[in-house]
Number of protein chains: 2
Amino acid sequence: MKKKLTISTEDYLKTIYELTENGESASTNALAQRLKISAPSVTGMIKKLASAKPALVEYQKHQGVTLTREGKRAALEVIRHHRLLEAWLVQTLGYSWDEVHEEAERLEHVISEDFEQRIAAAMGHPTRDPHGEPIPTEDLKMPADTSVPLSALRSGQGGIVTCVKSSETDLLRHLEELGLVPDAEITVMDYSPFDHNLTIKVGRKTTVLGLSITSKIFIEVESGA
Amino acid sequence: MKKKLTISTEDYLKTIYELTENGESASTNALAQRLKISAPSVTGMIKKLASAKPALVEYQKHQGVTLTREGKRAALEVIRHHRLLEAWLVQTLGYSWDEVHEEAERLEHVISEDFEQRIAAAMGHPTRDPHGEPIPTEDLKMPADTSVPLSALRSGQGGIVTCVKSSETDLLRHLEELGLVPDAEITVMDYSPFDHNLTIKVGRKTTVLGLSITSKIFIEVESGA
DNA sequence: CGTAAAATTTAGTTATTCCTAAATTTTTGT
DNA sequence: ACAAAAATTTAGGAATAACTAAATTTTACG
Ligand SMILES: [Mn+2]
Ligand SMILES: [Mn+2]
Ligand SMILES: [Mn+2]
Ligand SMILES: [Mn+2]
């Protein structure tokens with residue numbers, strides 16, 4: 001019943017999962033951009049995924065795709081691999097959080113379920129990866145997460161950084177220097193409605209961040225102070 | 001200059017290396033058998049490897065193949081990955097020596113040079129994998145090895161097991177039970193010229209082994225007692 | 001509403017890497 | 001030496017996954 005999926009297929013499913021987490025369907029173009037593959041190629045692959053048996057995606061022309069139960073399962077499997085691997089690389093091989101993504105991107109497709117279980121056990125079954133993203137459980141449920149983008153906060157609000165949704169080395173290094181890492185406590189000091197800049201206090205430092213950054217940092221809101 | 005090789009290509013080169021270690025060229029059929037690919041497919045791939053630039057193999061019809069300097073380099077790279085990974089899986093994740101091969105077989109193609117260096121450093125730059133096979137050095141030289149197959153020894157001869165050349169789970173488990181693992185000291189008690197069986201003493205145990213086993217166990221001969 | 005722009009799909013190719021069946025070459029055994 | 005067997009290559013083809021160019025559909029907006 002469970003067929004071996006190709007690396008390519010796994011990458012599509014993972015990306016569709018990420019693009020549909022907000023409840024919307026994933027568009028051909030969005031997939032093409034994320035996967036760095038041409039739009040016609042994406043259309044072709046989507047058709048194959050939709051007519052696989054069991055179908056991995058639900059697809060109607062011009063309407064984008066969503067994952068079927070099977071597709072979601074496969075996506076969560078890959079995401080679990082990816083995030084466990086990132087945690088493992090950081091904890092046991094001294095990688096920094098800005099170096100792990102590419103390595104995990106390739107390893108995620110080739111490790112066995114045995115390997116997965118061993119690294120999970122060795123780390124004490126972690127629930128978040130080094131960027132703070134939740135790791136799907138062994139039975140492939142994505143843990144609930146109530147955090148919101150920093151960009152949604154306003155002056156006086158604050159909380160704890162749960163997660164930084166980025167794999168850009170430069171940005172991650174920059175944020176680390178600012179102390180904007182998971183578990184950091186932050187407070188919004190000011191909001192500029194014109195450019196959506198936020199002035200943030202992290203520890204004793206104060207920084208101004210643009211929307212392209214604040215939309216990638218997620219906060220568990222703590223109080224309206 | 002250095003192009004990325006495909007997984008398939010890497011597996012061919014690795015296998016050609018192994019088949020040509022004895023100085024002979026690797027035949028199409030031998031490759032087909034080892035790689036579990038049909039002979040015509042092997043012929044096709046060999047032609048491509050031979051006409052790549054730079055060429056990875058030397059090939060003349062019906063004469064088998066050998067590696068060029070470039071091909072050998074690439075093969076040693078993969079072999080180093082494989083053996084380091086096996087050692088690492090055993091040392092850090094508690095795999096046993098009969099479980100590591102398949103996992104390493106897939107991982108060897110996707111780890112970065114950075115990953116390679118990190119695990120090598122973490123283990124203190126080991127020189128042998130869990131089966132005792134020598135690990136090519138960082139500058140891709142295969143360490144010299146003067147050990148000989150156990151099958152070449154006769155009554156009274158003995159030495160230290162350096163290496164077991166097998167990836168068969170069952171055989172490896174069996175040998176482990178007998179204590180026939182790297183660094184074990186053994187002595188040949190008897191030789192039967194008809195079936196080539198050897199009677200071996202390992203510690204206080206005595207065992208009779210057939211040629212299909214003794215040809216896979218390598219010994220650093222210690223004395224003619 | 002109706003058209004221009006944007007998004008998506010269709011059509012036609014290409015590159016890899018594998019396959020089976022058949023032909024050819026080499027090796028082997030008497 | 002020579003026929004049978006074994007090894008190898010040739011021929012033809014399939015599956016996967018990518019591409020560009022062109023056609024079509026949807027959307028956006030004046
Ligand atoms: Mn990937
Ligand atoms: Mn898994
Ligand atoms: Mn391999
Ligand atoms: Mn390497």
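Protein chains get the first letters and strands the later ones, always in sequence-line order, with residue 1 at the start of each.
- Defined by atom type and a distance below 3.5 Å, a donor-acceptor pair is present between the side-chain atoms of B/S147 and B/T162.
- Across the protein-nucleic acid pair, B/K61 atom NZ and C/dT26 atom C1' stand 14 Å apart, rounded to whole Å.
- Contacts between residues 19-34 of chain A and DNA chain D, defined by a heavy-atom separation under 4.0 Å, are absent.
- In terms of heavy atoms, A/G132 sits closest to A/C163 at O-CB, 3.7 Å.
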Extract from the structure each pairing of a protein N or O with an N or O of nucleotides 14-18 of chain C at less than 3.5 Å, listing the distance.
from   : atom 1 : to    : atom 2 : distance (Å)
C/dT17 : OP1    : B/T6  : OG1    : 2.6
C/dT17 : OP2    : B/K48 : NZ     : 3.2
C/dC18 : OP1    : B/S8  : OG     : 2.9
C/dC18 : OP2    : B/S8  : OG     : 3.2

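- Within the 4.5 Å cutoff, side-chain heavy atoms of B/L171 are placed close to those of B/S166.
- Within the 4.5 Å cutoff, side-chain heavy atoms of B/V164 are placed close to those of B/L175.
- The nucleotide range of DNA chain D contacted by chain A, defined by atoms under 4.0 angstrom from heavy atoms of the protein and reported 5' to 3', is D/dT16 to D/dT26.
- Pairs engaging residues 91-102 of chain A under the side chain to side chain donor-acceptor pair (under 3.5 Å) rule: A/H82-A/H101, A/E86-A/H101, A/Y95-A/E103, A/S96-A/D98, A/S96-A/E99, A/D98-A/R173, A/E99-B/R118, A/H101-A/E105 [sequence neighbours left out].
- Of the candidates B/E116, B/E108, B/E113, B/E133, B/R80 forms a salt bridge (Lys or Arg N to Asp or Glu O under 4.0 Å) with just one, namely B/E116.
- The side-chain heavy atoms of A/Y17 and A/V78, taken from C-beta on, include no pair separated by under 4.5 Å.
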What side-chain donor-acceptor pairs closer than 3.5 Å can you find for residues 37-52 of chain A, not counting sequence neighbours?
from  : atom 1 : to    : atom 2 : distance (Å)
A/S38 : OG     : A/S41 : N      : 3.4
A/S38 : OG     : A/S41 : OG     : 2.9
A/T43 : OG1    : A/A39 : O      : 3.3
A/S51 : OG     : A/K47 : O      : 3.0

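- Geometrically, A/K165 engages A/F218 in a cation-pi contact defined by less than 6.0 Å to the ring centre and at most 45° from the axis.
- In this structure, B/H62 places its NE2 atom 11 Å from C1' of C/dT27, rounding to the nearest Å.
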Anything under 3.5 Å between a donor and an acceptor, one on a side chain of residues 27-36 of chain A, the other on a protein residue two or more places apart or in another chain? List them.
from  : atom 1 : to    : atom 2 : distance (Å)
A/S27 : OG     : A/A30 : N      : 3.0
A/R34 : NH1    : A/E18 : OE1    : 3.2

